[in-house]
Amino acid sequence: MTQPVSPPRGSTGQVAPVGELPAWRSLAARADVRTLSLLGVLAALVVIGGITKPDEFLDTRNLQLVLTQASVIGVVTVGMTFVITSGGIDLSVGAIVALASVWATTVATQEYGFAGILFTAVIVGLGCGLVNGLLVAYGGVVPFIATLAMLASARGLALQITDGRTQIVTVDTVLKLGERDSYLLGIPPLVLVFAVVTVIGWLILNRTTFGRRTVAVGGNAEAARLAGIDVRRQRLYLYLLSGLCCGIAAFLLIILSGSGQNTNGNLYELDAIAAAIIGGTLLSGGRGTITGSVLGVLIFTTITDIFALNNLQTDVQQIAKGAIIVAAVLVQRRTASTT
């Protein structure tokens, strides 16, 4: 008579149903499907642009412009992805970009040249991120309220600095970065910076302890605290990271426009949040994807470019973006309910 075979030591004795994938493989499969879906949408938009305006949309200069414009909001979106993954939100990113851009382009700042402009933009971004982080992490202020207050304050301060005027950049080394002569193998410097920020952001989120802590805090802050994670300090670091990305984006915007204005970064917060959400980052926290966020940025930028080339009004663009955001959230809710 055959004796029953006992399960190996340490095993629960339970056998996974045939055809059922382990949890991590199932998650990876969903991530791949999401990425492929976003790539499919982006490819479809390229086809639409090529059909409606073939000579203009497929022109090398137009494609370079699309990538350049995506670079500014893309850097902001990388920082936003980290904040949303942790379960937070940052409504002040657009205002921080505006404040950093005008502070970095004052006459006094421009006297210090390229380094002075870059340093000021980054420091202003970090300073605003520090205030947001302290209010949220240690002040106990709800992220929505804290960053909304920063939005109003930063916009007001930017208007006060400029007095409503456009500040023209006169530093040649900054202006030359926006010229075609500075392109490397046909790639604008702004796109290269965006690529570097994206790679670093992906590595931090997916290959470091900092990234794992960010996901843990967003998934369950109390469980993360009991596991030994300093939740408050982690949140402070995340808002500092978001502020840093805003400072870098402000410098890129200065190169792109050759000026500093208090209206810079208008609605960046909505575009960054939308790009992160349609990319697969959960608005409730606990899951984030840099790759998806970047694809979301490219999708929105391409939509804007197609609409502009076809002379469609701005309100139509906003309606389309709103519909995409709602659809993405509904898909997220359906996906979460089936897992």
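The shortest distance between side-chain heavy atoms of Phe251 and Ile117 falls below 4.5 Å. Side-chain contact between Arg235 and Arg232 is absent, with no heavy atoms from C-beta onward closer than 4.5 Å. Residues Asn62 and Glu56 form no side-chain contact, since every pair of their non-hydrogen atoms from C-beta on lies 4.5 Å or further apart. Looking only at side-chain heavy atoms (C-beta outward), Thr162 and Thr166 stay at 4.5 Å or farther from each other. Counting heavy atoms from C-beta outward, Thr214 and Gln234 have side chains that approach closer than 4.5 Å.
Here the closest non-hydrogen pair linking Leu205 and Thr289 is CD2-N, 4.3 Å. The two residues Ala250 and Ala100 come nearest to each other via the heavy atoms CB-CB, 3.6 Å. Tyr268 and Val93 make their closest contact through C-CG2, 4.1 Å (heavy atoms, listed as atom of the first residue, atom of the second, distance). Residues Lys176 and Ser182 share a closest heavy-atom pair of O-OG, 3.1 Å. Between Thr105 and Gln110, the closest heavy-atom pair is O-NE2, 2.8 Å. Here the closest non-hydrogen pair linking Ala146 and Asn132 is O-OD1, 3.8 Å.
Grouped by direct or indirect side-chain proximity (heavy atoms under 4.5 Å, Ile/Leu/Val/Met/Phe/Trp/Tyr only), Val124 sits with Leu99, Val102, Trp103, Leu157, Ile161. Counting side-chain heavy-atom gaps under 4.5 Å among Ile, Leu, Val, Met, Phe, Trp and Tyr, the cluster of Leu270 also holds Leu267. Hydrophobic side-chain contacts under 4.5 Å tie Tyr112 to no other Ile, Leu, Val, Met, Phe, Trp or Tyr residue.
At distances below 3.5 Å, at least one donor-acceptor pair connects side-chain atoms of Asn310 with backbone N or O atoms of Ile306. Side-chain atoms of Thr302 come within 3.5 Å of backbone atoms of Leu298 as a donor-acceptor pair (strictly under, hydrogens ignored).
Cluster membership check: Ile96 shares its hydrophobic cluster with Leu148, using side-chain heavy-atom separations under 4.5 Å among Ile, Leu, Val, Met, Phe, Trp and Tyr. The hydrophobic clustering, which links ILVMFWY residues whose side-chain heavy atoms are closer than 4.5 Å, places Val46 and Leu309 together. A single hydrophobic cluster is not seen to contain both Val217 and Phe210; linkage of ILVMFWY side chains at heavy-atom distances under 4.5 Å, directly or through other members, places them apart. Placement of Leu38 and Leu283 within a single hydrophobic cluster is found when ILVMFWY residues are connected by side-chain heavy-atom separations under 4.5 Å, directly or transitively.
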Steps toward salt bridge (Lys or Arg N to Asp or Glu O under 4.0 Å) verdict (Asp163, Arg165): CA-CA 6 Å; Asp163 196 23; Arg165 300 187 181 92; 3.1 Å; yes
From CA spacing to verdict: salt bridge (Lys or Arg N to Asp or Glu O under 4.0 Å), Arg225, Glu222: CA-CA 5 Å; Arg225 185 188 66 81; Glu222 181 60 21; 2.5 Å; yes
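Surrounding CD of Gln160 are at most 12 heavy atoms belonging to other residues, nucleotides or ligands under 6.0 Å away. Within 6.0 Å of CZ on Arg180 lie more than 12 heavy atoms contributed by other residues, nucleotides or ligands. The environment of CZ in Phe114 is crowded: more than 12 heavy-atom neighbours from other residues, nucleotides or ligands sit within 6.0 Å.
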Side-chain atoms of residues 66-73: list all donor-acceptor pairs with protein atoms under 3.5 Å, sequence neighbours left out, distances to 0.1 Å.
from, atom 1, to, atom 2, distance (Å)
Thr68, OG1, Gln64, O, 2.7
Ser71, OG, Leu67, O, 2.7

Distance-only donor-acceptor pairs under 3.5 Å for side chains of residues 184-203, two or more places apart:
from, atom 1, to, atom 2, distance (Å)
Thr198, OG1, Phe194, O, 2.8

What donor-acceptor contacts under 3.5 angstrom involve side-chain atoms of residues 79-91, with partners at least two apart or in another chain?
from, atom 1, to, atom 2, distance (Å)
Thr81, OG1, Thr77, O, 2.8
Thr81, OG1, Ser293, OG, 2.8
Thr85, OG1, Thr81, O, 2.6
Ser86, OG, Val83, O, 2.6
Asp90, OD1, Ser92, N, 3.0
Asp90, OD1, Ser92, OG, 2.6
Asp90, OD2, Ser242, OG, 2.9

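The CZ atom of Arg212 sits 9.5 Å away from the CZ atom of Arg207 when rounded to the nearest 0.5 Å. Note that CD of Glu269 and SG of Cys246 are 9.5 Å apart. Values are rounded to the nearest 0.5 Å.
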